[in-house]
Amino acid sequence: MAFTRDDIIGALKTVFDPEIPVNIWDMGLVYDIIISPDSVVIKMTFTSPTCPMMEEILNQVKSAVSNVVAPTPVRVDLVWEPAWDLSRMSDAARLELDLTNSGW
């Protein structure tokens with residue numbers, strides 16, 4: 001394998017929800033990255049199950065990671081447990097969204 005977990009994280013940081021000016025990694029939407037000799041699996045969620053951009057973002061994730069790990073196949077699994085909450089966000093994301101004093 002000519003790629004690392006950090007390479008995959010870098011790719012994930014290029015994917016944004018158009019309604020939120022923070023990438024999906026810093027939002028805490030990615031729950032796990034599983035690297036095996038046969039595939040890369042990204043387990044992720046959304047802030048809401050009614051996100052109108054869900055399919056588009058899932059496709060962007062698969063494409064961004066595939067560009068880094070090719071020819072290794074990529075699968076993106078959508079999970080809802082545990083439920084996403086503000087505590088999953090990075091400090092940079094909270095700062096960008098002005099949530100530093102939200103009391104979460």
Side-chain angles (χ1 to χ4, degrees):
M1 276 186 249
F3 60 88
T4 66
R5 177 179 170 84
D6 287 339
D7 295 331
I8 295 169
I9 292 169
L12 293 168
K13 286 184 173 186
T14 68
V15 180
F16 290 75
D17 180 323
E19 297 177 345
I20 304 171
V22 175
N23 68 71
I24 63 165
W25 179 260
D26 287 327
M27 280 293 296
L29 298 178
V30 177
Y31 284 3
D32 203 2
I33 300 169
I34 303 163
I35 301 170
S36 74
D38 300 329
S39 67
V40 172
V41 178
I42 307 297
K43 292 190 179 218
M44 66 172 290
T45 195
F46 286 88
T47 59
S48 166
T50 60
C51 174
M53 295 299 295
M54 192 178 304
E55 285 301 318
E56 178 64 26
I57 293 169
L58 291 171
N59 288 335
Q60 288 177 23
V61 168
K62 185 172 184 175
S63 177
V65 174
S66 293
N67 286 338
V68 171
V69 305
T72 304
V74 175
R75 187 177 84 223
V76 182
D77 290 347
L78 182 58
V79 297
W80 296 109
E81 295 292 329
W84 179 89
D85 64 54
L86 290 173
S87 70
R88 297 194 56 85
M89 294 174 71
S90 72
D91 290 340
R94 280 191 230 91
L95 186 61
E96 177 68 29
L97 297 175
D98 196 24
L99 298 173
T100 54
N101 294 317
S102 65
W104 56 271

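Every value quoted in this text rests on a predicted model; they were computed, and no experiment measured them. Just so it is clear, the values below take in all heavy atoms, side chains as well, and ignore hydrogens, waters and symmetry mates.
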Check side-chain contact (heavy atoms from CB on, under 4.5 Å) between [X] and all other residues, then give those that pass, not counting sequence neighbours.
X	result
Thr50	Ser48
Pro37	none
Pro49	Trp80

Are any of the side-chain heavy atoms of [X] and [Y] separated by less than 4.5 Å?
X	Y	result
Leu95	Ser90	no
Glu96	Asp26	no
Cys51	Glu19	no

Hey, any chance [X] and [Y] share a hydrophobic cluster, counting ILVMFWY side chains that come within less than 4.5 Å of each other, even indirectly?
X	Y	answer
Val41	Ile9	no
Val15	Ile33	yes
Val74	Ile34	no
Met53	Leu78	yes

Inset, instruction - Quick one: do Ile42 and Ile8 satisfy side-chain contact (heavy atoms from CB on, under 4.5 Å)? Show the steps, please. - result: CA-CA 9 Å; Ile42 307 297; Ile8 295 169; 3.9 Å; yes

For [X] versus [Y], what's the shortest heavy-atom pair and its separation?
X	Y	answer
Arg94	Met89	NH2-O, 2.7 Å
Gly28	Arg88	O-NE, 3.0 Å
Asn23	Phe16	N-CE2, 3.3 Å
Thr45	Val79	OG1-O, 2.7 Å
Val30	Met44	CA-CB, 4.0 Å
Trp84	Phe46	CB-O, 3.9 Å

Inset, instruction - Would you please name every residue forming a side chain to side chain donor-acceptor pair (under 3.5 Å) with Asp17, sequence neighbours left out? - result: none

Legend entry - Residues forming a side chain to side chain donor-acceptor pair (under 3.5 Å) with Gln60, sequence neighbours excluded: Glu56

Legend entry - Pairwise salt bridge (charged side-chain N to carboxylate O under 4.0 Å, His left out) hits with a residue in residues 66-86, at least two apart: Arg75-Asp77

Atom pairs and distances, donor-acceptor, side-chain atoms in residues 64-72, under 3.5 Å, two or more places apart:
{"unit_1": "Ser66", "atom_1": "OG", "unit_2": "Lys62", "atom_2": "O", "d": "2.7"}
{"unit_1": "Asn67", "atom_1": "ND2", "unit_2": "Ser63", "atom_2": "O", "d": "3.3"}
{"unit_1": "Thr72", "atom_1": "OG1", "unit_2": "Val69", "atom_2": "O", "d": "3.3"}

Inset, instruction - Name all pairs fulfilling the side-chain hydrogen bond (donor to acceptor under 3.5 Å, both in side chains) condition that reach into residues 2-13, sequence neighbours left out, sorted by first residue then second. - result: Thr4-Asp7

Legend entry - Point-to-point distance, once rounded to the nearest 0.5 Å, from OG1 of Thr47 to CG of Leu86: 9.5 Å

